[in-house]
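Note sheet for the following structure.
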Amino acid sequence: MSNKYQEFSGLNLPSIEQAILAKWSESQAFEKSVELRNGATPFVFYEGPPSANGMPGIHHVISRTLKDLVCRYKTMQGFQVKRKGGWDTHGLPVELQVEKELGITKEDIGKKISIEEYNQKCRETVLRYKDKWDELTRKMGYWVDLNDPYITFDNKYIESLWWLLKKLYDKGLLYESVSIQPYSPAAGTGLSSHELNQPGTYKDVKDTSAVVMFKAVKDAALTGSNWYKSIDFSGLQSDELFFMAWTTTPWTLPSNLGLTVGPNIDYVLVKTFNPYTHLPVNVILAKALLGKYFKPEGENGDFAGYKEGEKLLPWTIVASFKGKDIEGCRYEQLLPYEANSLEAIKSITPSADPFRIISGDFVTTEDGTGIVHTAPAFGADDYKVGKKFDIGILTLVDRQGRFVEGLGEFSSRYVKNYKDDADYVDVNVDISVKLKKENRAFKVEKYEHSYPHCWRTDKPILYYPLDAWFIKTTDLKDRMVELNKTINWKPKSTGEGRFGNWLENMVDWNLSRSRYWGTPLPVWRTEDGEEELCIGSVAELTEAFDKATAAGYNKDVKGIVDLHKPFVDDITLLSASGKPMKRVPDLVDVWFDSGAMPYAQWHFPFENKEIFAQNYPADFIAEGVDQTRGWFYTLHALGSLIKEDVHEELKKAGIAVNDTKYPGLAYKAVVSNGLVLDKNGNKMSKRLGNVVNPFETIDTFGADATRWYLITNASPWDNLKFDIEGIKEVQRKFFGTLYNTYQFFVLYANVDGFAFTEKYIPLEERPEIDRWILSSLNTLIKKVTLYMNDYEPTMAGRAIETFVDEHLSNWYVRLCRRRFWKGEYEQDKISAYQTLYECLETLVKLMAPVSPFFSDAVFCQLNAVTKRFNGGSIHHADFPVANEAAIDTDLEERMQLAQDTSSLVLSLRKKVNIKVRQPLQKILIPVLNPEMKAQLEKVADLITSEVNVKEIQYLTETEGIISKKVKPNFKVLGNKLGAKMKAVSAAVNNFTQHEIAEIEKAGKIALSVDGEEIVLNLNEVDITAEDIPGWSVANKGTLTVALDITLTDELKKEGNAREFVNRIQNIRKESGFELTDRIFVQVLDNALLRDSLTDFKNYICAEILADNLEYVSELQGGIEIEVNDTLLNVSVNKKG
RNA sequence: UGAUGCUUAGCUCAGCUGGUUAGAGCAGGUGCCUUAUACGCACAAGGUCAUCGGUUCAAAUCCGAUAGCAUCAACCA
């Protein structure tokens, strides 16, 4: 083992990473990092399963970086973090891809290709890019266990899902019902929301819309109501009242069963004329929408003189009332036929009580009339409100999109032109015409709106009642809302806002999908639907199967091999009464697959109950924000739904269960990261060609730089504008700086043989600057730990960046350089080495979670010499813990003061064009209080050497020398004075130097504002030194610095000497001399510089390691150099 | 259409419970190679804090409206 630190041969992150990757795999570093924490408190992480049927993109890198860094951090903190990987394998995208590749459509399945072959194809396709995913996982340094991943198509996985479904079924939480879903009559199929979200499905179309009039029935409820009694019928056109409702789909009118009003919306009764029939009518509509139908100039118009053809409708408001006042009123059916007779309605829904005014919150006064025509079969809202008020349901359109028989002249007509019939006559127009004629239409017009179309047939879809299976999530709503409050959401607003609202407005989970490749719903049913059986395990199925087989069924079925279609569909089971049962055709939503992963990944409850018990719930999960209503929801919903069953199973296994440990929560903390956009803020898409290839990025810039960039550029939950330039900057600025600092350390540590073998020098024996950087370092540890615990890696990373750049590299190392190469190897030097070593070692540990490669490389190279840590990788080490005793805030403050002072002096020098190499005599600093002076005195040496001045002069008694500025301390005074603040502020700003001196001396001053005497105390104003007349002054905050720019001959000479040294050093370097080579120098005598060189000869010789400096009158082969505008001939030679 | 979030320098981002010179980095500008680093350092310049209104002595910050962008949900009379 070498006792020399290994130097990097240039900063090449990708090649460093390759070496580290090789080492990791050879030493099984990941596995070891988990094993080392055996017996430690587990920190549970769930991997959201990616789908490997597509290529991974850069957005996967950010979410996986986030997951990885949390897991690595927690591991370093002493937790055991197992990370079981997983693959999402079912679902529509897989099917669509297979169909595309085979060139088939859904209709061909079961015809051109058997379901068995089709599903086989899906199974093959689904892990197509697994290799690519594995490669990315490896290269980006994502530590996840891919040796034993959960795979959602696995029989065991499906069996766990069946167990869950059975539990829900037994509790009555799994039920079949009708739901209103997008349906394409042209294609004869329901559409998933995914299909509805394909680009181009929403098109602007012009449809015939109608405002129709429903005639109120004067029954007891109506005439007995308060609002009816309030109407003065003497002024009315007639005693007929009409409710006006608007529709863009007149074909739904025969199926009308109710009218919905907003309970708190204001409605009015208006007397007027029907613009088509010109008959006098009284209509009811929302007050806010009057303007849509009536012109202001028609109000209280000439009723008597109104005749046909008159453009202006006279109208008068007769009465006003709220929606809730008319709730329950009845109206006459608009278009009565056989098919929608009350008998027909009752035959479907015996309890139905249709043709009433009902109320719903979804009603708005944005458009229409504020009264919504309600046909429960053809709208989700309609269905819901219809069900609530039990008005029945009529589906007078068949699955081809045709009216059913029994609708008179409309029977059998297509409600939209689904067949591309050139002679198609729009039935909506005919219905409108009929209503016009019957004095039942008030306004008919073409209305343009966007309407969804089937992506396959391009025909308009309609909303249609279809059978579907649901999970009754609404039953558990309160629990889910309560539990959500205990989840640590990052960012918080997503949990409270987006997710919280989603929970508040939750509807039952529509679970079923009419597809082929997915988890089958384990429900078997007799043909008449009377008997049903839900299967909860393979054992149950086997038993039932055997029973049915014994009864003579399943002759051609081999047995239970695969829980997918078509195999399970071939299985016939026997009902309790001995009838055959077939499986219902539905599959379950793939979101159920992923939401069930906490259980199914361990094949719970069939196996691994102890493992499950230790790994539930998750301490942390992270995915894209698009998963809020996806995975985050399904995990949460299932956690709530299945709580008691989980308790029961764990108890059975003798595992202690309580609500604190298993509250029915699937995860305790969740980070939802934003999207990755291109550098212009556009979404990345293949079409635009702005997709960033993660492999290229990592190969070119390294995973560390990429990860660091992704994490520090923006908070994970903000959208990230991905710009390659940003990665380059990170590489240069951050990794470059750290690299140089390491190389610097190694350069000298190798010379001196520093191996941290000397005993740790106590802080109080170290110089100020060492104590300062160690104080800052420990402050940094505190900050980083706090941020990391709060899932704020961005803040953590930025804090590390600042430390490396501003504190360590550009202050500590810069100021301490001499200590490393000058002098003997004794206490001060060792102190410097120990300090810098500690900084480097701690830093790489702090950054290890985010940049796992470079940190490990540096750490191992440091450790190879010092062997302070007994282990193979930084990821096996413990995260640094801050040493409070090392933190000295006063010290950090005064070092800041030194940095600020230096910066001000440099600024002044630049202003007057005097370079730093030219020494100056002094700077003046007005000190406002003794503390400030004391602080400055401690760092005076640092400042003077840094800015090359001889001394600092402190100004305490300042009246007359410097001019001061005073301003009110708004925070303090604002509270005290309130409204008088403005006047006082003006007065204070006008203080003379004398008044400022007075308040400083007396500690208070009285002033008269608006005739009132107000006493100001010293602590209520901020006094700063602003200017020193005749001096060059700069200030920052309360710090003011003046620079004496007088150049005496002495100073000039010294400046020349320094310039000369600089030139000689350059020559040394150019000549390739070793650092320790002694030289001798000859200078061709020059009158202008002679004094400078003689006076500072000793200094010069010491600096340039010259044994002698000779003045000669003649010089051959010399080099011409320029020293402050004077040319000089010198020769520099190595000695010996 | 709704919910949520965002809008601060040319670009990427800070700015805590309101307090008076709104901060960094990059790019651009100027100047600097003192034995770590020119892939660097220093300095200076860059702003109607999206717009309008309100609350307040005081608003980038709190409230309301508008516009634009984004995500999700929906598109319904």
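The structure displayed is predicted, hence computed values, not measured ones. Within every chain, numbering begins at 1; the chains are lettered A, B, ... in the order of the sequence lines, protein sequences first and strands thereafter.
- Note on Ser907(A): a side-chain N or O is less than 4.0 Å away from OP1 or OP2 of A44(B).
- A salt bridge links Lys915(A) to Glu1059(A): at least one charged side-chain nitrogen sits closer than 4.0 Å to a carboxylate oxygen.
- Here G25(B) presents its P atom at 19 Å from CZ of Phe735(A), a figure rounded to the nearest Å.
- Lys980(A) comes within 4.0 angstrom of no nucleic acid atom, judged by non-hydrogen atoms across all strands.
- Using a cutoff of 4.0 Å between basic side-chain nitrogens and carboxylate oxygens, Lys490(A) and Glu792(A) are scored as salt-bridged.
- With its glycosidic angle within 90° of 0, G46(B) is assigned syn.
- Taking atom OH on Tyr742(A) and atom P on A36(B), their separation rounds to 17 Å, with Å as the unit.
- With ring centers used as reference points, Phe820(A) lies under 6.0 Å from Phe744(A).
- As the counterpart of C32(B), G40(B) is assigned, both hydrogen-bonding distances of the Watson-Crick or G-U wobble pattern falling under 3.5 Å.
- In this model, no side-chain donor or acceptor of Thr802(A) finds a partner on the base of A24(B) within 3.5 Å.
- Between Lys721(A) atom NZ and C6(B) atom P there is a gap of 14 Å when expressed in whole angstrom units.
- Taking the six-membered ring where the residue is Trp, the centroids of Phe854(A) and Tyr739(A) are separated by 6.0 Å or more.
- Counting non-hydrogen atoms under 4.0 angstrom, Phe499(A) reaches nothing in the nucleic acid.
- For the pair Ile914(A) CD1 and C43(B) C1', the interatomic distance rounds to 15 Å; values are reported in whole Å.
- In this pair, Phe735(A) and Trp708(A) present their aromatic rings perpendicular. The plane angle is above 60°, beyond the 30 to 60° band.
- Put simply, CD on Gln731(A) is 19 Å from P on U37(B), counting in whole angstrom units.
- Ion pair Asp1022(A)/Lys965(A) not flagged as a salt bridge, since none of the NZ, NE, NH1 or NH2 atoms sits closer than 4.0 Å to an Asp/Glu carboxylate oxygen.
- Separating the CG atom of Asp723(A) from the P atom of C13(B) is a distance of 10 Å, rounded to the nearest angstrom.
- Distances shorter than 4.0 Å separate some side-chain N or O of Tyr463(A) from OP1 or OP2 on C75(B).
- Pair assignment for A73(B): U1(B), on the basis of Watson-Crick or G-U wobble contacts that are both within less than 3.5 Å.
- With rounding to whole Å, Lys971(A) atom NZ is found 8 Å from G18(B) atom P.
- Along RNA chain B, the nucleotide closest to Leu720(A) and the one closest to Lys733(A) are compared, and the more 5′ of them pairs with Leu720(A).
- Nucleic acid contact class of Asp805(A) (heavy atoms, under 4.0 Å, all strands): sugar-phosphate only.
- Nucleotide A14(B) forms no Watson-Crick or G-U wobble pair with any nucleotide shown, as no partner meets the under 3.5 Å limit on both distances.
- For the pair Glu623(A) CD and C72(B) P, the computed distance is 15 Å after rounding to whole Å.
- Each of Asn1066(A) and Asn740(A) has a nearest nucleotide on RNA chain B; the 5'-most of these lies closest to Asn1066(A).
- In this structure, Arg817(A) reaches the bases: a heavy-atom distance under 4.0 Å links it to at least one base atom across the strands shown.
- Taking a pair to require two hydrogen-bonding distances under 3.5 Å in either a Watson-Crick or a G-U wobble arrangement, U56(B) remains unpaired.
- If you check every strand for non-hydrogen atoms under 4.0 Å, Glu729(A) touches sugar and phosphate atoms only.
- Note on Lys967(A): only backbone sugar-phosphate atoms sit closer than 4.0 angstrom, heavy atoms only; bases stay farther off.
- Within the 4.0 angstrom heavy-atom criterion, no nucleotide atom of any strand lies near Lys915(A).
- Base contact: Gly974(A) has a heavy atom under 4.0 Å from a base atom.
- A 3.5 Å limit on both hydrogen-bonding distances identifies A50(B) as the Watson-Crick or G-U partner of U66(B).
- Arg1068(A) comes within contact range of no nucleotide atom at all, as no heavy-atom separation falls under 4.0 Å.
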